[in-house]
Amino acid sequence: RIVQKLNRSKYKDKKPQVTPLEFKNNLELFIEETRVINIQLLFIDYPLSEQEIIPQSAKKHYIYTSGSKNIEELNAIHDEYQEILTEVAGANKVPLLETQPIFSENKNTLFSRNDIIHSNNKGAKIIGELFYQKLLELGWLKENEN
C-alpha cells in the first residue's frame, strides 16, 4: 500500500504519453509509410468498458496513469482519440474496423470487472471474429471453402 501511495504522486500531473495531435500525426505517418511500400492498412478502434463504477484497483491504474481525474474525464479522453482515428481513416480512405458498437451492445460482459481497457477472452474472441469478417469484406482474405 505504501508503494501504491508513493506511486500515485508521480501520476499527479500526468498527461497522455501521446497527445491528440501526435496521435493524429502518427496515424497519418502510418498511412504515408504503408502506401509507399504498397501495404494495405486497416485501423481498428479500441473499445473502453462502459462501467459506471470501476473498482479501486482499476481506478488507481487507469485514471491516474491517463492523467484523468475521474471516469468521465477518462471517457472524454478516450472519445477524443477514437474520433481522431475515425476522422483520419475517413479522410484517407483507410478501412476502419469498428468494435465499439458490439461492445456497447454487450454492456460490460466483454471486460473483466477489474480491467476497463483490455477485453476479456470473450471480448477478444469477438474482436477476432469481427477482424476476420472485415478481412473477408475487404477481399483481403478468401473464405475457407471446406
Side-chain angles (χ1 to χ4, degrees), residues 1-135 137-141:
R1 286 190 209 138
I2 292 170
V3 170
Q4 288 176 339
K5 286 179 182 177
L6 290 173
N7 283 340
R8 196 175 306 151
S9 66
K10 75 178 181 182
Y11 299 127
K12 184 179 174 192
D13 297 318
K14 191 84 171 162
K15 294 188 177 26
Q17 291 182 352
V18 177
T19 67
L21 180 59
E22 290 169 328
F23 181 64
K24 181 180 182 197
N25 291 339
N26 287 343
L27 293 174
E28 290 171 342
L29 183 60
F30 289 145
I31 294 166
E32 184 181 314
E33 293 294 323
T34 56
R35 288 188 174 155
V36 166
I37 55 177
N38 201 29
I39 292 178
Q40 297 286 357
L41 186 62
L42 169 65
F43 286 159
I44 181 170
D45 69 358
Y46 203 91
L48 185 66
S49 175
E50 297 176 14
Q51 296 178 55
E52 292 177 19
I53 299 173
I54 61 172
Q56 194 62 26
S57 59
K59 183 181 284 188
K60 286 177 186 170
H61 182 71
Y62 298 119
I63 302 295
Y64 297 139
T65 58
S66 71
S68 306
K69 294 180 184 73
N70 52 44
I71 190 69
E72 292 80 16
E73 194 173 306
L74 177 64
N75 284 324
I77 291 169
H78 178 262
D79 290 346
E80 181 177 6
Y81 285 84
Q82 292 289 78
E83 287 173 23
I84 291 168
L85 179 70
T86 302
E87 287 172 16
V88 171
N92 292 279
K93 296 181 176 40
V94 172
L96 173 63
L97 173 56
E98 297 180 77
T99 63
Q100 187 66 51
I102 195 96
F103 275 76
S104 292
E105 191 176 295
N106 285 282
K107 257 324 188 213
N108 301 322
T109 61
L110 305 178
F111 293 92
S112 73
R113 194 175 88 67
N114 293 318
D115 191 339
I116 61 171
I117 304 286
H118 305 96
S119 63
N120 60 24
N121 289 343
K122 184 178 174 185
K125 183 176 180 183
I126 288 174
I127 290 172
E129 290 167 358
L130 291 170
F131 185 67
Y132 176 72
Q133 291 302 317
K134 187 70 169 184
L135 293 177
E137 174 190 316
L138 293 167
W140 295 358
L141 191 64

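Owing to the predicted nature of the structure, the values given are computational and were not obtained by experimental measurement. Side chains included, hydrogens not; waters and symmetry mates left out as well; all remaining heavy atoms used. Numbering starts at 1 and runs along the sequence shown.
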Solution key, residues 122-130 side-chain donor-acceptor pairs under 3.5 Å, sequence neighbours excluded:
none

[atom1] of [X] to [atom2] of [Y]: how many Å apart, nearest 0.5 Å?
{"X": "N120", "Y": "T109", "atom1": "CG", "atom2": "OG1", "answer": "7.0 Å"}
{"X": "I84", "Y": "E22", "atom1": "CD1", "atom2": "CD", "answer": "11.0 Å"}
{"X": "E28", "Y": "E33", "atom1": "CD", "atom2": "CD", "answer": "13.0 Å"}
{"X": "T99", "Y": "F131", "atom1": "OG1", "atom2": "CZ", "answer": "12.0 Å"}

Could you give the side-chain donor-acceptor pairs of residues 85-98 under 3.5 Å, partners two or more places apart or in another chain?
from, atom 1, to, atom 2, distance (Å)
T86, OG1, Q82, O, 3.1
N92, ND2, V88, O, 2.8

| side chain to side chain contact (heavy atoms under 4.5 Å, CB included) partners for T34, two or more places apart |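 With neighbours one apart ignored, the set is I39, L41.
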| With sequence neighbours excluded, what pairs up with E137 under the side chain to side chain contact (heavy atoms under 4.5 Å, CB included) test? | K134
| message | Are there over 12 heavy-atom neighbours, none belonging to F23, within less than 6.0 Å of that residue's CZ? | response | yes
| said: Tell me every residue that passes ring pair (Phe, Tyr, Trp, His ring centres under 6.0 Å) with F43, counting only those two or more places apart in sequence or in another chain. | reply: none
| task | Check whether any side-chain N or O of H78 sits under 3.5 Å from a backbone N or O of Y46 as a donor-acceptor pair, and report yes or no. | result | yes
Heavy-atom closest pair, residues [X] and [Y]:
{"X": "T19", "Y": "Y81", "result": "C-OH, 3.3 Å"}
{"X": "S119", "Y": "F103", "result": "CB-CE2, 3.8 Å"}
{"X": "P20", "Y": "E80", "result": "CG-OE2, 3.3 Å"}

| query | Residues in side-chain hydrogen bond (donor to acceptor under 3.5 Å, both in side chains) with D79, at least two apart? | reply | none
